[in-house]
Amino acid sequence: MIPVCHLDDLPEGESVRVPTEPPIAVFRTEEALYAIDDTCSHQDASLSEGWLEGCLVECPLHAAMFDLRTGQPTCLPARRPVRTHRVSVDDSGFVHVEVAAGAAGAAGTAAAVAAARAVGEGVSA
Amino acid sequence: MRTVAVVGASLAGLYAARALRAQGYDGRLVIIGDEIHRPYDRPPLSKEFLTGAMAEDQLALSDAEEESELDAEWLLGVRAQGLDTRGRTIRLDSGRTVSADGVVIATGATPRRLPGTTGTAGSAHLRGVHTLRTLDDARALRAELTTGQPVQVVVVGGGFIGSEVASSCVALGHHVTVVEAAPLPLLPQLGDAMATICAALHADHGVELVTGTGVTALRGTDTVTGVLLDDGRLLPADVVVVGIGAVPGTRWLKGSALALRDGVLCDDGGVTTLPQVVAVGDVARVGSSRAEHWTNATEQPAAAVRNLLAGRTVETARPLPYFWSDQYGVRIQFAGRRLPCCTVRITEGSTDERSFLAVYEREGVTVGTLALNRPRPFMRLRRELARGCRTPAAAAAAAAAAAAAAAV
Ligand SMILES: Cc1cc2nc3c(=O)[nH]c(=O)nc-3n(C[C@H](O)[C@H](O)[C@H](O)COP(=O)(O)OP(=O)(O)OC[C@H]3O[C@@H](n4cnc5c(N)ncnc54)[C@H](O)[C@@H]3O)c2cc1C
Ligand code: FES
């Protein structure tokens with residue numbers, strides 16, 4: 001489990017880049033928290049810098065879109081998924097990421113976890 | 001339509017083929033390309049491919065699965081040599097012809113060469129002198145840059161490709177000089193203030209930038225040894241890379257009925273003077289402007305193909321210009337249309353850090369934006385520009401309209 005930040009420091013519609021190897025991007029949408037590999041599966045761009053719209057993030061370089069829930073690209077030029085990672089929020093409201101093992105899409109882990117509103121109830125994914 | 005021929009098997013040609021199938025065209029699809037390679041991506045050629053950070057197989061624009069879905073006949077290593085005046089028959093260099101009811105012209109652009117460096121009559125071809133457009137060009141250049149010895153590289157032309165090559169050569173440990181004929185590189189694209197900052201990136205990394213002087217001649221008998229400048233200076237060189245712009249690939253269209261003027265002239269929808277012929281990408285002058293950018297080549301085809309299938313212009317194909325460049329670890333992004341009368345100001349970050357967002361304004365209206373290492377705010381502004389929310393007034397009007405709609 002990798003500590004990311006406090007939920008208060010990640011407002012809705014924002015994202016944060018976790019400098020793991022490879023780096024991970026954590027997003028907070030209206031609904032939930034999601035974590036995917038930060039580096040676009042197309043070329044060299046950081047998805048945490050992308051444009052968040054619902055459950056999709058648009059890459060800031062060539063506008064490929066990825067579904068945060070599955071890591072799958074929904075349009076070109078990306079053709080390969082990015083890995084998704086489990087996110088949880090602990091009792092104190094701190095966000096953690098559990099790095100998925102293996103290659104993109106292989107683990108088949110559920111992406112969407114820990115709805116922001118679950119905080120305080122101590123629910124974790 | 002029973003047969004559509006796409007001429008040019010690269011970025012714009014592939015996106016046109018995809019668009020044809022995506023829009024329900026199920027007839028015969030012939031893709032003609034004079035390179036022997038399957039479509040590959042050019043931007044990395046001056047960047048990650050040159051430095052070795054990206055391998056050749058990562059350049060592919062498509063894969064076997066997609067190619068089989070496209071269900072196209074690929075004529076690769078075959079050059080189109082002419083289009084008849086009705087725009088229906090393409091003559092190939094093999095002597096064959098291809099007849100089609102619809103033609104997509106996607107023949108891109110080829111590098112301008114320095115006089116005296118081509119193999120054409122009367123001038124010698126010097127080893128060590130390169131242009132960079134194709135994978136074969138990049139392989140040849142890379143081979144000379146990876147012999148293990150630091151060499152003296154002279155890059156002629158300080159535009160985006162020249163600057164990227166300079167940056168990659170530095171990363172490979174070579175000594176680099178950039179020669180630019182204009183007083184400042186990228187002046188027409190970026191304007192004085194921003195061009196000055198981009199030019200400074202060279203000095204940041206120990207690359208000498210020589211401006212305001214052209215190249216008189218290249219020196220050497222078999223292999224290049226130096227570059228003679230207009231001001232009389234002789235720059236020693238083991239490798240010379242010429243990046244002085246590109247010319248649209250329209251030569252094969254001479255004698256056709258198409259109007260050619262620095263590209264294939266098209267209306268706003270990419271339709272040429274013949275309704276069954278459209279042009280896309282670097283070769284196309286769409287609605288009086290021609291772009292040589294990746295995103296343009298990927299965004300134009302959908303509309304052009306729709307118009308081709310409709311037999312008339314039903315959709316326009318003039319996306320907001322956008323390009324990026326990676327140099328010396330700095331990502332440069334530009335979007336919009338800068339005019340000479342624009343003013344520019346930094347709205348975020350600082351030029352000293354080489355990380356900032358700048359906006360170009362005309363009469364208080366934002367018409368373009370430039371970012372160095374600021375992808376996030378750049379993206380926000382680029383989207384706003386694309387949506388046409390250019391003025392506070394327009395934004396306010398849109399907000400008011402949205403509020404009114406919500407109130408109903
Ligand atoms: C080194 C390099 C770096 C670049 N970096 C960037 C960047 O960072 N950002 C950016 O926005 N853009 C960049 N670009 C520009 C971008 O790659 C082009 O805009 C894009 O490739 C245009 O696509 P196209 O399909 O129109 O033309 P092209 O990619 O030029 O393809 C045209 C194809 O048609 C073929 N052809 C030509 N004539 C004939 C004929 N008569 N018969 C058959 N085939 C023919 C050509 O061989 C070629 O394969 C770069 C370009 C280069 C060369
Ligand atoms: S790097 Fe993300 S779409 Fe190209």
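Worth saying up front: this structure is predicted, and the values here are computed from it rather than measured. A note on names: the letters A, B, ... follow the listed sequences, proteins ahead of strands, and every chain is numbered from 1.
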Any carboxylate oxygen within less than 4.0 angstrom of a Lys/Arg side-chain nitrogen, looking at B/Arg376 and A/Glu14?
yes

What parts of residues 42-55 of chain B touch chain A if we use heavy atoms and a cut-off under 4.5 Å?
B/Pro44, B/Glu48, B/Met54

Return yes when atom CD of B/Glu65 has more than 12 non-hydrogen atoms of other residues, nucleotides or ligands closer than 6.0 Å, and no otherwise.
no

Could you tell me which portion of A/Ala63 (side chain, backbone, both or neither) has an atom closer than 4.5 angstrom to a non-hydrogen atom of chain B?
neither

Can you confirm whether A/Leu61 sits close enough to B/Gln333 that some side-chain heavy atom of one is under 4.5 Å from a side-chain heavy atom of the other?
yes

Run the side chain to side chain donor-acceptor pair (under 3.5 Å) test on A/Glu31 and A/Thr29 for me, step by step, so that the C-alpha distance in whole Å, both residues' side-chain angles and the decisive distance to 0.1 Å come before the verdict.
CA-CA 5 Å; A/Glu31 304 288 314; A/Thr29 71; over 6 Å; no

Out of the candidates B/Tyr360, B/Phe160, B/Tyr322, only one should pair with B/Phe334 under the ring pair (Phe, Tyr, Trp, His ring centres under 6.0 Å) rule; please name it.
B/Tyr360

Output the distance between atom CD (B/Glu66) and atom CG (A/Leu76), rounded to the nearest 0.5 Å.
6.5 Å

Minimum side-chain heavy-atom gap A/Thr39-A/Pro23 below 4.5 Å
yes

Taking the side chain from A/Asp37 and the backbone from A/Ile24, do they hold a donor-acceptor pair closer than 3.5 Å?
no

Could you label the plane-to-plane angle of the B/Trp294 and B/Trp324 rings as parallel, tilted or perpendicular, counting under 30° as parallel and over 60° as perpendicular?
perpendicular

Honestly, the part of B/Asp63 sitting under 4.5 Å from a heavy atom of chain A is both

When you check the gap from the basic side-chain N to the acidic O, do B/Glu348 and B/Arg374 get nearer than 4.0 Å?
yes

So, does A/Arg83 use its side chain to make a donor-acceptor pair with the main chain of A/Gly71 at under 3.5 Å?
no

What part of A/Glu58 gets within 4.5 angstrom of chain B, counting heavy atoms only: side chain, backbone, both, or neither?
both

Under 4.5 Å, heavy atom to heavy atom, which residues of residues 13-20 of chain B contact chain A?
B/Tyr15, B/Arg18

Can you tell which part of B/Arg383 gets under 4.5 Å to a heavy atom of chain A, answering side chain, backbone, both or neither?
side chain

Short question: side chain of A/Arg80, backbone of A/Ser41 - any donor-acceptor pair under 3.5 Å?
yes

Cut-off 4.5 Å, heavy atoms of chain B, and the answer for A/Ser46 is neither

